[in-house]
Amino acid sequence: MSPDASPGGGTGRLPDAFTMSGSSSFSEFVGRVAPELLPGRRPLPPGTSVEAPHSTTIVALEFAGGAVMAGDRRSTMGNLIANRDMEKVFAADEYAVIGIAGTAGLAIELVKLYQVELEHYEKIEGTLMSVEGKANRLASMIRAQLGLAMQGLAVVPLFAGYDVDDGGGRIYSYDVTGGCYREHDHHSIGSGSLFARGSMKKLWRPGLDAEAGVRVAVEGLYDAADDDSATGGPDLVRKIFPVVMLATAEGTARVSDDEIGQLAEAVVAERTANPV
């Protein structure tokens with residue numbers, strides 16, 4: 001057997017598609033080489049429905065020096081709690097975070113693909129993508145999921161990042177068709193978003209520091225859980241608290257569970273003393 005031959009009878013060399021020049025998009029590359037691996041290329045058979053866990057409420061807000069994003073930990077399946085400690089907020093790259101609402105399994109798969117997409121771009125181009133470019137790239141990936149969304153498997157993320165050029169936080173929301181919208185000050189998605197937005201509208205103010213921003217995010221989720229059964233509040237018994245991440249000039253960072261736990265206990269004690 002020749003040195004280049006593989007046990008399966010191949011040459012052991014990469015196919016031509018792997019060595020051809022092309023765009024810096026990893027998802028476009030996969031779409032050319034193995035399109036069946038993309039989530040949006042795996043539609044359900046006609047007339048099929050899937051009862052899948054859904055993630056619920058995500059909040060994001062800008063503060064002086066960056067952005068904060070937080071998500072509750074509950075996923076639901078119909079009227080049942082499917083998972084009590086699901087994580088829905090992730091680092092997208094060094095300066096951006098992404099939170100997910102909608103069909104949980106597909107949403108997590110989309111996040112992983114998006115993380116590789118940004119890393120692939122950085123390796124090919126030798127530079128970070130702008131925060132607006134990251135937001136638009138995510139929009140195109142959501143648009144590719146439209147077939148699944150039409151079958152009831154919708155994924156709607158929330159994106160936030162630190163703009164290294166302007167030195168501030170940026171928030172972008174989406175719809176299932178891939179529409180991308182710049183949000184100002186604060187925003188929320190998911191089943192409890194209406195209540196979280198009302199809470200943040202009253203608590204947010206210009207010039208918040210990171211600590212105050214985290215407090216507003218946690219209180220927004222608390223108010224969402226108070227009125228929306230699909231949103232999980234802080235679980236003081238099981239020690240399950242929201243996932244909170246920051247995007248600043250120093251990069252992305254997750255606020256420790258100990259810090260969020262202390263903050264959640266303070267919010268619960270304050271509301272207990274003055275329930276409304």
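The structure presented is a predicted model; accordingly, all values stated were derived computationally and were not measured.
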**Pair Glu183 + Arg197: basic N to acidic O under 4.0 Å** = no
**Request:** Measure the spacing between CD1 of Ile240 and CG of Asp235 and express it to the nearest 0.5 Å.
**Result:** 5.0 Å
**Nearest atoms (heavy-atom pairs only) where Ala196 meets Ser188** = CB-OG, 3.6 Å
**Fill in**
Value for OH (Tyr174) from CG (Leu138), rounded to nearest 0.5 Å, stands at 4.0 Å
**Message:** Just by distance, no angles: are the side chains of Thr248 and Glu250 close enough, under 3.5 Å, to form a donor-acceptor pair?
**Reply:** yes
**Asked** Is the closest side-chain donor-acceptor distance between Lys88 and Thr56 under 3.5 Å?
**Response** yes
**Prompt:** Say you draw a straight line from CG of Leu221 to CD1 of Ile260; how long is it, rounded to the nearest 0.5 Å?
**Reply:** 10.0 Å
**Message:** So, taking the atom named NZ in Lys134 and the one named CZ in Arg137, what distance separates them when rounded to the nearest 0.5 Å?
**Reply:** 12.0 Å
**Asked** Relative to each other, are the rings of Tyr172 and Phe159 parallel, tilted or perpendicular (30° and 60° limits)?
**Response** tilted
**Request:** Mind checking salt bridge (Lys or Arg N to Asp or Glu O under 4.0 Å) for Arg170 and listing every partner two or more places apart, or none if nothing turns up?
**Result:** Asp163, Asp166
**Fill in**
dist Glu270:CD -> Glu219:CD (nearest 0.5 Å) comes out at 6.0 Å
**Asked** At their closest point, which heavy atom of Ala160 faces which heavy atom of Ala67, and how far apart are they?
**Response** CB-CB, 4.1 Å
**Rounded distance [0.5 Å steps], OG1 in Thr177 versus CD in Gln145** = 13.0 Å
**Asked** Using links of under 4.5 Å between side-chain heavy atoms of ILVMFWY residues, direct or through other members, which residues join Met245 in one cluster?
**Response** Ile58, Met69, Val89, Val97, Leu158, Ile171, Ile189, Val243
